[in-house]
Trainee: 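Provided herewith is a single structure, encoded as structure tokens, for subsequent inquiry.
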Amino acid sequence: MACVHDHSCEDHDCSSNWSLYKHIDLSKVSALNEATPGSVKYVFKAWEDRLNSSGDHLESNEGDPELLVFIPFTSDVKIKGISIVGGADGTSPSKMRAFINRDGIDFSDVQSMQAVQEWDLVENMQGELEYQTRYSKFQGVANITLHFPDNFGGDTTKIHYIGFKGEATQLKRDAVVNIVYEIMPNPSDHKTRAESSGGFSHVE
């Protein structure tokens, strides 16, 4: 299901709504079947920069349009919508499948696995479409894998932008908060009233 914006993004500040960009762990993003290793990182950018490709994009190998993109987040997120800006001349992806919280899956895995949701895509050159998720199924997302099995007839699949709309938790998923409980107090850490003022003190 796709939703076309019915307002001016400049007036309504869509960039603030596509806030999950800053929660993507870019250092761990990866893609299978990318023609240029590491090029997948170029497709994640702020909403207002979605059409600024600067020649950098994700492209599949010649004659094989299939792409598999793994996106981890720095905190658990809730994903409401996904935006994809593909290439011209039939190189845009024509279908998208999503898998949640599955590490290390490859093309053979996605063929046998049930996707959380699938979308039929259109050629969205201006980034005006938002593909809505079944929101209840996209809660507590630590990572998402997007499978693009085919395109609109091009020899390769090109993607210039991938954006996520949603909410993120405040705490980083990998952060560990250490709380130290004092079982046996160290007397030197507890200066008593007897030591400081000569009065009676009892420390338990």
Side-chain angles (χ1 to χ4, degrees), residues 2 14-15 18-74 77 79 81-111 113 115-133 138 141-166:
C14 285
S15 60
W18 289 85
S19 59
L20 294 185
Y21 162 65
K22 61 186 177 182
H23 298 287
I24 295 173
D25 191 345
L26 282 176
S27 66
K28 297 179 181 177
V29 168
S30 62
L32 296 182
N33 199 38
E34 59 180 348
T36 303
S39 59
V40 65
K41 293 178 172 59
Y42 296 126
V43 306
F44 300 100
K45 60 193 81 173
W47 167 255
E48 57 269 23
D49 296 328
R50 70 194 184 282
L51 302 181
N52 181 20
S53 61
S54 301
D56 296 324
H57 60 273
L58 171 63
E59 185 172 4
S60 68
N61 284 299
E62 187 76 21
D64 186 358
E66 195 172 13
L67 283 168
L68 192 64
V69 182
F70 174 74
I71 308 108
F73 297 95
T74 57
V77 300
I79 300 175
I82 304 173
S83 180
I84 305 292
V85 177
D89 302 322
T91 61
S92 289
S94 60
K95 188 172 184 177
M96 177 172 66
R97 307 169 71 222
F99 303 87
I100 292 174
N101 297 340
R102 301 297 296 265
D103 295 329
I105 61 178
D106 56 24
F107 288 117
S108 60
D109 295 324
V110 296
Q111 297 301 330
M113 292 168 52
V116 176
Q117 189 171 349
E118 301 185 7
W119 298 263
D120 289 323
L121 307 182
V122 300
E123 293 178 284
N124 179 28
M125 309 308 297
Q126 299 301 316
E128 297 171 342
L129 297 179
E130 171 191 326
Y131 296 96
Q132 297 176 335
T133 67
F138 286 76
V141 179
N143 63 68
I144 185 171
T145 300
L146 298 179
H147 179 216
F148 302 97
D150 208 350
N151 60 20
F152 289 93
D155 289 335
T156 64
T157 294
K158 296 180 182 179
I159 299 177
H160 293 277
Y161 171 78
I162 298 176
F164 297 98
K165 180 180 181 179

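Numbers for residues simply follow the sequence, beginning at 1.
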Trainee: So, does Trp119 use its side chain to make a donor-acceptor pair with the main chain of Thr133 at under 3.5 Å?
Mentor: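 No; zero donor-acceptor contacts below 3.5 Å.
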Trainee: As an exercise, state the distance from CG of Asp64 to CG of Asp155, rounded to the nearest 0.5 Å.
Mentor: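 Asp64 atom CG to Asp155 atom CG measures 11.0 Å (nearest 0.5 Å).
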Trainee: Are any of the side-chain heavy atoms of Asp49 and Tyr21 separated by less than 4.5 Å?
Mentor: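 SC-SC contact between Asp49 and Tyr21 ruled out.
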Trainee: Not counting sequence neighbours, which residues clear side-chain contact (heavy atoms from CB on, under 4.5 Å) with Leu32? List them please.
Mentor: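 So Leu32 forms a side-chain contact (heavy atoms from CB on, under 4.5 Å) with Leu68, Asp106, Phe107.
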Trainee: State the NZ-CG distance between Lys28 and Asn143, to the nearest 0.5 angstrom.
Mentor: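 The CG atom of Asn143 is 10.5 Å from NZ of Lys28, to the nearest 0.5 Å.
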Trainee: Please say whether more than 12 non-hydrogen atoms of neighbouring residues, nucleotides or ligands are located less than 6.0 Å from CZ in Arg97.
Mentor: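 Counting other residues, nucleotides and ligands, CZ of Arg97 exceeds 12 neighbours.
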Trainee: Kindly give the heavy-atom pair with the smallest separation between Gly104 and Asp109, and that separation in Å.
Mentor: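 The answer is O-OD2, 4.0 Å.
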Trainee: Taking Thr74 for the side chain and Ile24 for the main chain, is one N or O donor matched with an acceptor at less than 3.5 Å?
Mentor: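 No, the answer is negative, given that no donor and acceptor are paired below the 3.5 Å cut-off.
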Trainee: Which residues pass the side-chain contact (heavy atoms from CB on, under 4.5 Å) test with Pro93, sequence neighbours left out?
Mentor: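 So Pro93 forms a side-chain contact (heavy atoms from CB on, under 4.5 Å) with Ile84, Leu121, Phe148, Thr157, Ile159.
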Trainee: So, for Ala31 and Leu58, which heavy atoms are closest and what is the spacing to 0.1 Å?
Mentor: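 In terms of heavy atoms, the two residues are closest at CB-CD1, 4.3 Å.
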Trainee: How far does NE2 of His160 sit from OG of Ser92, to the nearest 0.5 angstrom?
Mentor: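 Taking NE2 in His160 and OG in Ser92, the distance rounds to 7.5 Å.
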Trainee: For the CD1 atom of Ile162 and the CD1 atom of Ile144, what is their distance to the nearest 0.5 Å?
Mentor: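 Taking CD1 in Ile162 and CD1 in Ile144, the distance rounds to 9.5 Å.
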Trainee: Check whether any side-chain N or O of Lys165 sits under 3.5 Å from a backbone N or O of Glu130 as a donor-acceptor pair, and report yes or no.
Mentor: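 Between the backbone of Glu130 and the side chain of Lys165 there is no qualifying donor-acceptor contact (under 3.5 Å).
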Trainee: Is there a side chain to side chain contact (heavy atoms under 4.5 Å, CB included) between His147 and Gln111? Walk through the geometry before answering.
Mentor: CA-CA 10 Å; His147 179 216; Gln111 297 301 330; 4.0 Å; yes
Trainee: With a 4.5 Å limit on heavy-atom distance, are the side chains of Ile82 and Phe164 in contact?
Mentor: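 Ile82 vs Phe164: side chains touch.
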Trainee: Do Ser27 and Asp25 have a side chain donor and acceptor closer than 3.5 Å?
Mentor: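 A donor-acceptor contact under 3.5 Å links the two side chains.
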Trainee: Can you tell me how far CZ of Phe138 sits from CG of Asn101, rounded to the nearest 0.5 angstrom?
Mentor: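 Interatomic distance, Asn101 CG to Phe138 CZ, rounded to 0.5 Å: 10.5 Å.
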Trainee: Go through the side-chain N and O atoms of Thr156 and Glu59 and say whether any donor and acceptor fall under 3.5 Å apart.
Mentor: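 Yes - a donor-acceptor pair under 3.5 Å links their side chains.
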Trainee: Does any non-hydrogen side-chain atom of Phe44 lie less than 4.5 Å from one of Leu20?
Mentor: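 They are not in contact (no side-chain heavy atoms under 4.5 Å apart), so the answer is no.
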Trainee: Provide the closest heavy-atom pair for Leu26 versus Lys41 in the form atom of the first, atom of the second, distance.
Mentor: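 Minimum heavy-atom separation between Leu26 and Lys41: O-CE, 3.0 Å.
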Trainee: side-chain contact (heavy atoms from CB on, under 4.5 Å) with Pro149: which of Met96, Lys95, Glu118?
Mentor: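 Exactly one pass, corresponding to Lys95.
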Trainee: Are Asp103 and Phe70 close enough, and set up right, to give a side chain to side chain contact (heavy atoms under 4.5 Å, CB included), and what steps lead you there?
Mentor: CA-CA 8 Å; Asp103 295 329; Phe70 174 74; 3.7 Å; yes
Trainee: Please find the pair of heavy atoms, one from Ser60 and one from Ala35, that lie closest to each other, and give the distance.
Mentor: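 Scanning both residues completely, I find the closest heavy atoms to be O-CB, 3.6 Å.
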Trainee: Is there a donor-acceptor contact under 3.5 Å from the side chain of Arg50 to the main chain of Ser83?
Mentor: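 Absent.
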Trainee: Between atom OG of Ser108 and atom CE of Met113, what is the distance when rounded to the nearest 0.5 Å?
Mentor: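 Rounded to the nearest 0.5 Å, the OG-CE separation comes to 10.0 Å.
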